Number of protein chains: 4
Amino acid sequence: MDTAVFEQHESEIRGYCRNYPTVFASASNARQVDEDGTSYIDFFAGAGVLNFGHNNPRMKEALIDFISNDGVAHSLDTYTTTKRDFVQKFQDVILAPRGMDHRMQFMGPTGSNAVEAAMKLARRATGRREIVAFSHGFHGMTLGSLAATANHAFRQWAGVPLDNIVRLPFETAPGGDTAIAEYREALLDTSSGLTAPAAFLLEPIQAEGGVNVASAAWLRSVQDLAREVGALVIFDDIQAGIGRTGSFFSFDGMGLDPDIITLAKGLGGFGTPIAMNLNKPEVDRHWSPGAHTGTFRGQGMSFVAGTVALDYFTDDAFGKQVTAKGQVMRDRLEQIAAAHPERGWEVRGKGMMQALDTLEGAFAKKVQDECFARGLLIGPCGQDGRVVKLIPPLTIPEDDLAAGLDILAEAIDAAAAAIPAAKDADLEGAR
Amino acid sequence: MDTAVFEQHESEIRGYCRNYPTVFASASNARQVDEDGTSYIDFFAGAGVLNFGHNNPRMKEALIDFISNDGVAHSLDTYTTTKRDFVQKFQDVILAPRGMDHRMQFMGPTGSNAVEAAMKLARRATGRREIVAFSHGFHGMTLGSLAATANHAFRQWAGVPLDNIVRLPFETAPGGDTAIAEYREALLDTSSGLTAPAAFLLEPIQAEGGVNVASAAWLRSVQDLAREVGALVIFDDIQAGIGRTGSFFSFDGMGLDPDIITLAKGLGGFGTPIAMNLNKPEVDRHWSPGAHTGTFRGQGMSFVAGTVALDYFTDDAFGKQVTAKGQVMRDRLEQIAAAHPERGWEVRGKGMMQALDTLEGAFAKKVQDECFARGLLIGPCGQDGRVVKLIPPLTIPEDDLAAGLDILAEAIDAAAAAIPAAKDADLEGAR
Amino acid sequence: MDTAVFEQHESEIRGYCRNYPTVFASASNARQVDEDGTSYIDFFAGAGVLNFGHNNPRMKEALIDFISNDGVAHSLDTYTTTKRDFVQKFQDVILAPRGMDHRMQFMGPTGSNAVEAAMKLARRATGRREIVAFSHGFHGMTLGSLAATANHAFRQWAGVPLDNIVRLPFETAPGGDTAIAEYREALLDTSSGLTAPAAFLLEPIQAEGGVNVASAAWLRSVQDLAREVGALVIFDDIQAGIGRTGSFFSFDGMGLDPDIITLAKGLGGFGTPIAMNLNKPEVDRHWSPGAHTGTFRGQGMSFVAGTVALDYFTDDAFGKQVTAKGQVMRDRLEQIAAAHPERGWEVRGKGMMQALDTLEGAFAKKVQDECFARGLLIGPCGQDGRVVKLIPPLTIPEDDLAAGLDILAEAIDAAAAAIPAAKDADLEGAR
Amino acid sequence: MDTAVFEQHESEIRGYCRNYPTVFASASNARQVDEDGTSYIDFFAGAGVLNFGHNNPRMKEALIDFISNDGVAHSLDTYTTTKRDFVQKFQDVILAPRGMDHRMQFMGPTGSNAVEAAMKLARRATGRREIVAFSHGFHGMTLGSLAATANHAFRQWAGVPLDNIVRLPFETAPGGDTAIAEYREALLDTSSGLTAPAAFLLEPIQAEGGVNVASAAWLRSVQDLAREVGALVIFDDIQAGIGRTGSFFSFDGMGLDPDIITLAKGLGGFGTPIAMNLNKPEVDRHWSPGAHTGTFRGQGMSFVAGTVALDYFTDDAFGKQVTAKGQVMRDRLEQIAAAHPERGWEVRGKGMMQALDTLEGAFAKKVQDECFARGLLIGPCGQDGRVVKLIPPLTIPEDDLAAGLDILAEAIDAAAAAIPAAKDADLEGAR
């Protein structure tokens, strides 16, 4: 295993390679194999991108066919046959069955770009400046989306003030239960110092923020307030969408009707980059042609693999599998938490995004290391990285899932043996 | 040709499809073919991405091989064998021969992301806030990079103030010849209202801004001032780099030594997205792991095709071809301009980025339409879109290049026949 | 009464003259007389400036003596004998008895300037940017202080974003009871999107904001949090200080220890402009000479009259009178409110700042008009101007006070006769 | 001389007292006397406030009369007889003869407040955000006016970014001759990164900035560009106005027509605080009543003394005296500069604001100290305080003027003896 070339020539900013100190050579479904032949079970899925597994066979075939036949790999926003297939299928499989008439907007293929575009559109459509974002929210790294991101570890790198955002606590954060009602009262009060925002930007399920699952009731209260004050609702479903929670959108079935939905990560199917916003027509019409461009906004391979991915959503069989596997994950995490009652751990999640909040960043880091040593890849998240998040490919074989959960249980035991339980008082703030 | 699905379901923001009203089905080197079988010569190269042609055969082979063998398509910033190959080869082929010890930083695969990362790093490294950007500069669409972008057509969509930028005229703009010297005097004057910036951010050749070519002397004056006042020099070589001007960097051979270089577009070789900054070690060390992340920052296919692309730079044969073809383009444009002396057109460019400044946006638009009708794809740029920019694949066959130039000449004649020459006085400001 | 010259030549911005449509010619203690000889009882005291009455006899004498003897009327921050007298007496009468070692800072003679200086000092002393300000707070009209002011009617005139402020609800506003605790939790959470502020800026009693009286416990909770997170406490005592509430500072006797106190309005005694901050030495040392200047920061007449004013605070006789008169005001307002139980009015205040919250701006405006017609000057305040605020000179004769309260009662009856009580439901939000 | 009370209890920010280390007890016309009986000739006039001398006899009389008769000392913006007298006389003596129909707006009595109000009005009237301000400009210390102020020594204290300003070089600064023309070209270029500003804010003669006198031609070029791009012209005549240059406005007789003029300092006549903007009616109508308030915006004593001051402008006798005395000052400074040709000093000014640019801050400081030791008060200004500025009361007796100039000459000789002339090369940048 030779990593010297990275250490000598790559930037100090490189991160995950420090957690997984090996060199990967191949990958298939929920397995990654390093150049020494060690196989790892993948409970991380490339930060929630690889919902359909590494090197999904049907996508491989489609991609090889596409390349072999000189498909248009890069098209900006010119029309191509592969893009038309994708748009038509997304319309048929996702939007039409839900009675949604949102318009699809493509941009530079990063989630951050999708969020930036949504913020621009909301500001233009309302003529307002401020956007409400929530504690523990994660929306990206570029200056507009970073302003909406809550984590100080990322925000401190802006180097300039991150303005034009109103920050409210997410439902699951202290004060989150009353914040929307209080904010409403403040907006009605001309002496509150606050005025109506352009939009409410939020993840129905906060992934990077620690797997915080908003209730339908709270999401509706946000939507109701937005409607009342003439603001838009932007749902960032970049990590929790594309089937992760058992349905295509994380908020399906809750009676919600967001004005803008941002998608990316899993949408391209194969790890192939794409980002797409869904804009209601009455909002979308505020755009002018070329108002928000991006060189890589027409990726043929992403359309091809993404079109294959949509096959998973033509009926509810896949969703049921996700729900069933998610329940397996949940049960196991509950069992693990129950085995360590003195730790005060909490299990949270929905579908195949499940998490154990260990309350301590150092503990979760230890779990990650113990997992890696045993052949399992996981990625902590949340405040100080204290939450062990499990987001395997949705297509993970049941035996890999079971094996991975076994490793996780061992790793947690090893971590618990190494790190004594904190005194209750020390965790007061964390709970 | 069926475009209804786009018109019904895609966002109003779609742009290039309005200029090229057809549906492309395949592409090869400098040719794109639509679904009706019409073949177009490509003088646009996907906005400067496809330097090595559509579906470059060697890259096709490498990509199919990579996919067939379950290569790691998506890796974030974990180590992979394909990434190692790319980093090693970039070091060997590009950096080492130039005596450069810059570190390679990968981020979300858009040029905008690269610029945002560079701005963050410059602000962190210097502890300063303002960055000098130039008139006619184009650096991206996200809030940080958009602040540096000069074009009002893009800036107006921010919806919030675009601050923390000091704007100077580019060398070729009015006042550009004296601006650096005057800015220097202002920085030395404690009552000027200005203080030293974090960085000077510029394109050595402004592509979108109208193909404005800075002189080596002016670029050195910028670099000298930066050194004098403790600011960094950031060269945005996203469109002009990767061989476009006859050498890998657009500023090769000028004795320049930028602190940060942003690259994207052509770097992935096949239209496969990638963005990479080159940071001097003493600047790069200011990063902490994970300080600027991006889900798609480890694209296996971009590393694979990008590694193939680097083969073009192992000796100077390719560069000589680019220079020779560039001269053909230049000669033809000069000839065209000479045929219409009453129009006052200017020919500008370097290598295979050559342009005809028609001084009038409506004229250039007409040329674009006439070209499309004759089977040639071009993209205007610059103030009001008045500059006809030619950026064919560097690998374009000589006969396609000649045929394209013939079409261009015809199209310009047709446009000139349709649009009378403006009175001299009306163009006063444009010249 | 000739007002044409004003209507023709003064700006449209003039305000109070529209409420009191006459031309005043002279004034004495709590009486103003217009040029037609009509005498008005003054329950407004020049917006809380004339705590010691119009043309306070002792001050008149001192001023005439000062002018007659060629005293230094305008001195910037050079030393003068009159300024020395003022500083020494303020030290002896106000600071020393309270064990305070704050330094006196003089600036341009407006409250807004005092607040701007306090904000600068807090930001410099902490190296932080954001300052916490509260709903219904009023701190001034210049861009820094206006950012802290809550009222939208004033904020909308900025013309630029008002940033660098964190807005929390004041104790008496919705959510105010839990806001400090929740803000504390957010500051402890590195993913809340918030970081520690430079200061908490607040009025212990909000005057313009509607006579909202903070409890000692709440003020202490603010101070405790400030200490915990390394932020400063700035008390804006511009309207409520200088004896208005029965002691010199509005927060005397609460065990509070603010880092900076802003004073102005009544401090000059005679209506003569002055502004002064009291800075703790360890904060004050962050200033450099001349860091925040202001041409009129050394007003001889303000020092002279202000020194006379301090005589009122050498023992507690004056404070007891204020408390006693305040109780008379309070009792009468309670009686008035009790006479109209269907209106749901609330009486609030402390010392000789007492108020009746009528819940309706139009009602309070009507009361103001009815008072003026009967020879009483009052000024509404609070959200939509719905609060009838009484702030007569502290030196008002008891019979003038009684006569004024009689007029007020009549005026309120007249207003109540003219404006029917709102349905309970309509006032839901206002309560 | 006892200064301990200041040193112990006043803020560290105190400034001028460090330059004039004594305690002043009285003052008359151009003389200040300290408590030890030492008399100083005043060439500083309270930073340009005391144009009519300390304790102007006619103003003394009027003020004593006003106080004795219980005039309304403090009136906010209610109507008073004294305010009416002032408004009528200003209209009759200043505006009407010039054919000006500007409206008079009163605000908090500081120049900074006047500038803040002007900036608000310009932004409101145009719906634009940015205001052009100039190098070496001084406009105040509050956050809005400070953003327009150029001097870094003041700007660094903001603690927050000072945005929404476009900075251009003043006519007399490097690049100042071409800046307006180049800025015009940039505004016409949609890719310059600049858009049309709300206003151009400038001092026709920069006082604090170093006595930089703009030419009529340059001022007209600014005004022409403003008109062309729909921006307002704001002249800050706070220090150079009110007769200082030989006519009431510093820009009289130049054919200029500013939209807003800010006045303060000398306007109150006696050192009594006042600030007033003159707004063209079509601009002024954008104000709503109470949009920009300020407690001390109705100062009876300032109206009384200010009305007396206007007597100086009823004919041109006073202006001729100012011009004549100014010539005496100018001649003497030229003579002084000529006596030290190796120093490269420059004499600048207009009317009775005359200055010697010594090019070195330390030299000017030495001159100030030597003057003080000899009984003359002066105040350096400009970059690093290198400019010796002379602004005696306009009413200074001729013998005091002559005596003061004699002291100045001696002081300069003493300074020159103490500080050797810098090498030419060292002063390269300063010239």
Side-chain angles (χ1 to χ4, degrees), chain B residues 129-130 133-139 146-156 160-170 173-179 181-196 206 208-210 212 361 381-387 428-430, chain D residues 129-130 133-139 146-156 160-170 173-179 181-196 206 208-210 212 361 381-387 428-430:
Chain B
R129 189 171 59 84
E130 292 182 319
F134 292 84
S135 69
H136 304 88
F138 181 90
H139 301 287
L146 183 57
T149 293
N151 195 327
H152 179 65
F154 295 125
R155 292 174 65 82
Q156 65 173 311
V160 297
L162 293 170
D163 294 321
N164 308 307
I165 292 292
V166 173
R167 184 71 56 185
L168 294 186
F170 195 68
D177 51 340
T178 57
E182 287 167 11
Y183 183 58
R184 179 180 175 277
E185 291 200 69
L187 292 182
L188 296 177
D189 174 354
T190 57
S191 296
S192 65
L194 303 177
T195 49
Q206 296 186 322
E208 289 311 300
N212 305 311
C381 67
Q383 190 185 346
D384 306 322
R386 74 190 207 191
V387 179
E428 193 63 28
Chain D
R129 189 171 59 85
E130 291 181 319
F134 292 83
S135 68
H136 304 88
F138 181 91
H139 301 287
L146 183 57
T149 293
N151 193 327
H152 179 66
F154 295 126
R155 293 174 64 83
Q156 65 173 309
V160 297
L162 293 170
D163 294 322
N164 308 304
I165 292 292
V166 173
R167 183 72 55 185
L168 294 185
F170 195 68
D177 51 340
T178 57
E182 287 167 10
Y183 183 58
R184 179 180 175 278
E185 292 200 69
L187 292 181
L188 296 177
D189 174 354
T190 57
S191 296
S192 65
L194 303 176
T195 50
Q206 296 186 322
E208 290 310 301
N212 306 311
C381 67
Q383 190 185 348
D384 307 322
R386 73 191 207 189
V387 178
E428 193 63 27

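Fair warning: this is a prediction, and the values are worked out from it, not measured in the lab.
- The most heavy-atom pairs under 4.5 Å with chain D, out of B:Ile165, B:Leu194, B:Thr195, B:Asp189, come from B:Asp189.
- With a threshold of 4.5 angstrom between heavy atoms, D:Leu162 approaches chain B through N, CA, C or O but not through any side-chain atom.
- Ranked by heavy-atom pairs shorter than 4.5 Å toward chain D, the options B:Glu130, B:His136, B:Gln156, B:His152 are led by B:His136.
- Annotation for D:Leu188 and B:Gln383: closest pair O-NE2, 3.8 Å, computed over non-hydrogen atoms.
- Ranked by non-hydrogen atom pairs under 4.5 Å with chain D, the options B:Ser192, B:Ala133, B:Ala179 are led by B:Ser192.
- With chain B as partner, the option from D:Ala150, D:Gly193, D:Ser135, D:Ser191 having the largest number of non-hydrogen pairs under 4.5 angstrom is D:Ser191.
- By number of non-hydrogen pairs under 4.5 angstrom with chain D, the leading residue of B:Asn164, B:Val166, B:Asp384, B:Thr149 is B:Asp384.
- Both the backbone and the side chain of D:Thr190 come within contact range of chain B, with heavy atoms under 4.5 Å apart.
- Taking the side chain to side chain donor-acceptor pair (under 3.5 Å) definition, one finds that B:Arg184 meets it with B:Glu228, sequence neighbours left out.
- Per-residue counts of heavy-atom pairs under 4.5 Å with chain D were compared for B:Gly382, B:Pro161, B:Gly175; the largest is that of B:Pro161.
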